[in-house]
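A short write-up of the structure that comes next.
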2 protein chains.
Amino acid sequence: MTSKRLPDVDCAVAQALGVVGDLWSLMVLRNVFNGMHTFAALQDNLGVSSSVLSARLKTLCAAKVLVRQAATGDARSFEYHLTECGQDLYPVLIALMQWGEKWLPSQRGKRLTLIEKRSGKAILGARVLAQDGRVLKPRDVKVLPGPGIDPAFHALMTRTPAK
Amino acid sequence: MTSKRLPDVDCAVAQALGVVGDLWSLMVLRNVFNGMHTFAALQDNLGVSSSVLSARLKTLCAAKVLVRQAATGDARSFEYHLTECGQDLYPVLIALMQWGEKWLPSQRGKRLTLIEKRSGKAILGARVLAQDGRVLKPRDVKVLPGPGIDPAFHALMTRTPAK
DNA sequence: TTTTTCACTTCTGATTTAGAAGCTAATCAA
DNA sequence: TTGATTAGCTTCTAAATCAGAAGTGAAAAA
């Protein structure tokens, strides 16, 4: 299990973090997005111990973020691929990557550039959008409780006077 | 320190995760985005121990994601607010929230709805955009190494034949 | 046939973490 | 002005976690 110390508040962010809110899980996913699909390649690149990598891959497969499939050609070998669910994490990773590139830059310069294959031009990055495609900022957006809201969480959200 | 076991590869994602790649850091940020600014409110809501909350707030302030400022009225009390750097994490949180809502839903129904204040309509969510505003998928985007790329990482990226 | 490779699993010592309790100073309530 | 309460920590200890080494079994290369 990735974490036992999850807050028991039933919150979408907490649930998501229960699966990917772990340093190695996201590093693994980043590399799978970048075309690394085997255990050996991931271990070499990440420098993580095999026990931890094995555990993370198991967790990610159990959460249906990755699928493990036999590699063609070598019967010992397996490949880890993103499911639809895993592919949906793409904005999370891109957002993290761009934030790290902007606020925690390397002294040597830009580490990575994300370009659109078709045009060869740099992409804009991850943004929060309105239905009509406008880019939204934190203060443009309000959070409304839905039917599945945890009552305890809702109480605390509304208790603190918005400042 | 949030973590000593960071992979020493100089990678934007790893650097970012060094700051926010921790369950509690992101939960704290989520709540600060939602208008919780004091130690007590955060602790009540998250159910985290004070030692952990204290350490996380310290880390987040050290990383300039949050600023700690004296609250008006009570000399004991402090308020934690997002810096520009912290506000830039908005797409990360929205992306995580929507992923959790979609793939790890509550049995009771939708927990949260994000609406645009101005129109009152639901927002689309976090997306990866091209310069001209088109929404991009993982396969539309290519990662190019820049001048700051870690040679070890670059070697491993190109070693594995892209599949 | 022997050796190497792949993808693990198990073990152990060392590190890291979380939660309980305690602390100090400011504020409230009488 | 005394006692209780609140805010924000810090310290301590027990528990969880991790890296690294060693080992496993099956497949592939030599």
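What you see is a predicted model; the values in this text were computed from it and never measured.
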Atom CG of A/Leu23 to atom C1' of D/dC18: distance rounded to whole Å?
12 Å
Measure the distance from CD on A/Glu79 to P on C/dC6 and round it to the nearest whole Å.
13 Å
Separation of B/Arg56 atom CZ from D/dG8 atom P, in whole Å?
18 Å
B/Leu53 atom CG is separated from D/dG8 atom C1', nearest whole Å, by 9 Å
Does B/Lys117, at its NZ atom, have more than 12 non-hydrogen atoms belonging to other residues, nucleotides or ligands within less than 6.0 Å?
yes
Looking only at side-chain N and O atoms, does B/Lys58 come under 4.0 Å of OP1 or OP2 in D/dG8?
no
Tell me: CH2 of A/Trp24 to C1' of D/dA19, nearest whole Å?
10 Å
Determine whether B/Val32 and B/His37 make a side-chain contact, defined as any pair of heavy atoms from C-beta on separated by less than 4.5 Å.
yes
Applying a 4.0 Å non-hydrogen cut-off, can you work out what B/Ser54 is touching in the nucleic acid: base, sugar-phosphate, or nothing?
base
In terms of hydrophobic clustering (I, L, V, M, F, W, Y; side-chain heavy atoms under 4.5 Å; direct or indirect links), are B/Val19 and A/Trp103 co-clustered?
yes
Grab the CG-P distance between A/Leu66 and C/dA7 for me, whole Å please.
14 Å
Give each protein N/O atom lying under 3.5 Å from an N/O atom of nucleotides 26-28 of chain D, with the pair distance.
from: D/dA27; atom 1: N3; to: A/Arg76; atom 2: NH1; distance (Å): 3.4
from: D/dA28; atom 1: OP1; to: A/Ala75; atom 2: N; distance (Å): 3.0

Kindly say if B/Arg68 contacts the phosphate of D/dA7, meaning a side-chain N or O under 4.0 Å from OP1 or OP2.
no
Kindly say whether B/Arg111 contributes a backbone atom to a donor-acceptor pair with the side chain of B/Ser106 at under 3.5 angstrom?
no
Quickly work out the B/His37 NE2 to D/dA7 C1' distance and round it to whole Å.
17 Å
Atom CG of B/Leu57 and atom C1' of D/dT10 are separated, to the nearest Å, by 15 Å
Reading DNA chain D from 5' onward, which residue's closest nucleotide shows up sooner: A/Ser49 or B/Phe39?
B/Phe39
Residue mapping more 5' on DNA chain C - nearest nucleotide basis, A/Ser51 or A/Phe78:
A/Phe78
Taking B/Lys121 for its side chain and B/Glu116 for its backbone only, find out whether a donor-acceptor pair lies under 3.5 Å.
no
Could you tell me if the side chain of B/Val135 sits less than 4.5 Å from the side chain of A/Leu129, heavy atoms only?
yes
Strictly below 4.0 Å: does B/Ser77 bring a side-chain N or O up to OP1 or OP2 of D/dG8?
yes
Restricting to side chain to side chain donor-acceptor pair (under 3.5 Å), what partner residues turn up for A/Ser54, sequence neighbours left out?
none
